[in-house]
There are 2 protein chains.
Amino acid sequence: MPDRQPATRRTGAQTRAEAQRIALELFSNQGYEATSMQQVADALGIRKASLYYHFRGKDEIVRSLLEGRGDEARALARWVHEQTPSPTLARDAVLRWVDSSSREKLRGIRFMNANPLLVGTVARRAGVDVGDELAAVLDALLPHDADPRRRLLLRMAFMSLPAAVAAAEPGTPDEVTVAAARAAAESLVAAAARP
Amino acid sequence: MPDRQPATRRTGAQTRAEAQRIALELFSNQGYEATSMQQVADALGIRKASLYYHFRGKDEIVRSLLEGRGDEARALARWVHEQTPSPTLARDAVLRWVDSSSREKLRGIRFMNANPLLVGTVARRAGVDVGDELAAVLDALLPHDADPRRRLLLRMAFMSLPAAVAAAEPGTPDEVTVAAARAAAESLVAAAARP
DNA sequence: GTCTATACGGTGATAGAC
DNA sequence: GTCTATCACCGTATAGAC
């Protein structure tokens, strides 16, 4: 297949960035394993071998997509530790988390929702586990001998944005999804506080 | 690789059933695409070609795993339509759904959580879409011009079991997960009722 | 029903010219 | 940076003997 659009001129960094955009889209819609490097290269308008110039391999694309993740979770953990304990601390922390997660991150959440196993593996291999960070936050918000049911409810509150994205019908406007996630977070954190 | 445990004697139906059990487990832990027919056959203690005697292909295993799904959703839709409208109908329907879903179904939920895209594709190809059934239930519970935010919250209430499974740390006892899901469902349906 | 053996396509990945 | 060409491998799937 020698005929193809004369690849629009791009600098290296631009090509890399666009490849990330395209890969994120394909991985979200078809899944990581079901997406081939060939598909990504085709959508990019370059040959597969050229794609390998920008990324060492398929998994490196994923890692590049995930880099920086975990920073926010760590920041939240730090913030929680700095606060003086109060009855509304859990609620404040949850809303802080959901609100910080909601800016432009919906695309990333869709990707993570579509490839839960992959994200877990890569994150573990990359050293940082978001789940662990979240656990640290929970430990600061709940007594260590707390009812595991209430602990899980609080976890669900923190994960209400991904849950909302997963529950939303295709085509739901982002603002609706975010609003519902916020309301769900408030509701769940309250449920976690009830005995 | 000619040496292998002398396959424990099984009837055809037993082999098929055990293959389903094993495949469900592997698909849940590693994902569908990342699991090869070779792995399933190995875990079963038979040759790959023998596995193809019981199932036409890999996707037929998934379909066999999913068959019967959608029946419960349809039953719920029917039940809702039979009820006389009342202020607590939504709450009753949600709890009915979560409770009915919670018996022995956690394994299936884990599978669906691990392979969201696959399940969507297969279900669509198999004709029945669980999402559509759920939409029908929602239409009966909410006015058609209802706030989309409240509609999504109600959807989240129905999906609180998968959400709880997704949020649970590995090793969480099933009873804890189910209890949290129930509490979350109640909480979310209440949130959906608030303006 | 289970086996051995094999066909076939596509995949991730690399070498090296331009 | 992008290309052509090529690789080894592994996946699904089938044929046919027992």
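Convention: sequence-line order gives letters A, B, ...; per-chain numbering from 1.
With sequence neighbours excluded, the residues satisfying side chain to side chain donor-acceptor pair (under 3.5 Å) with B:Q39 are B:Q30. Remark: A:R63 pairs with A:D59 by the side chain to side chain donor-acceptor pair (under 3.5 Å) rule, at least two apart or across chains. The ring pair (Phe, Tyr, Trp, His ring centres under 6.0 Å) test applied to B:Y32 returns B:F27, not counting sequence neighbours. Checked against salt bridge (charged side-chain N to carboxylate O under 4.0 Å, His left out), B:E186 has the following partners two or more places apart in sequence or in another chain: B:R91. Listed by chain and residue number, nothing satisfies the salt bridge (charged side-chain N to carboxylate O under 4.0 Å, His left out) test with B:E67 (two or more places apart in sequence, or in another chain).
A salt bridge does not link B:D145 with B:R150: every distance from a Lys NZ or Arg NE/NH1/NH2 to an Asp or Glu carboxylate oxygen is 4.0 Å or more.
The NE2 atom of A:H54 sits 12 Å away from the C1' atom of D:dC3 (whole-angstrom rounding). In this structure, CG of B:L51 is placed 11 Å from P of C:dC3, rounded to the nearest angstrom. Between B:E60 atom CD and D:dT14 atom P the separation is 12 Å, expressed in whole Å. In this structure, CD of A:E18 is placed 15 Å from P of D:dG1, rounded to the nearest angstrom. At whole-Å resolution of the value, CD in B:Q14 and C1' in C:dT2 are 16 Å apart. As rounded to whole Å, 14 Å separates atom P of D:dG1 from atom CG of A:L44. Atoms CD (A:Q39) and C1' (C:dG10) sit 12 Å apart, rounded to a whole Å.
Look at A:S50 and you won't find any side-chain N or O under 4.0 angstrom from OP1 or OP2 of D:dG1. Between A:R10 and the phosphate of D:dG1, there is no side-chain N or O to OP1/OP2 separation shorter than 4.0 Å.
Of the candidate nucleotides D:dT4, C:dT4, D:dT2, D:dT2 has the atom lying nearest to any side-chain atom of A:Y53.
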Short heteroatom pairs, N/O only, protein and nucleotides 12-15 of chain C, under 3.5 Å:
from: C:dG12; atom 1: OP1; to: A:K58; atom 2: NZ; distance (Å): 2.9
from: C:dG12; atom 1: OP2; to: A:M37; atom 2: N; distance (Å): 2.9
from: C:dG12; atom 1: N7; to: A:K48; atom 2: NZ; distance (Å): 3.1
from: C:dA13; atom 1: OP2; to: A:Y52; atom 2: OH; distance (Å): 3.1
from: C:dA13; atom 1: OP2; to: A:K58; atom 2: N; distance (Å): 3.0
from: C:dA13; atom 1: N6; to: A:K48; atom 2: NZ; distance (Å): 3.4

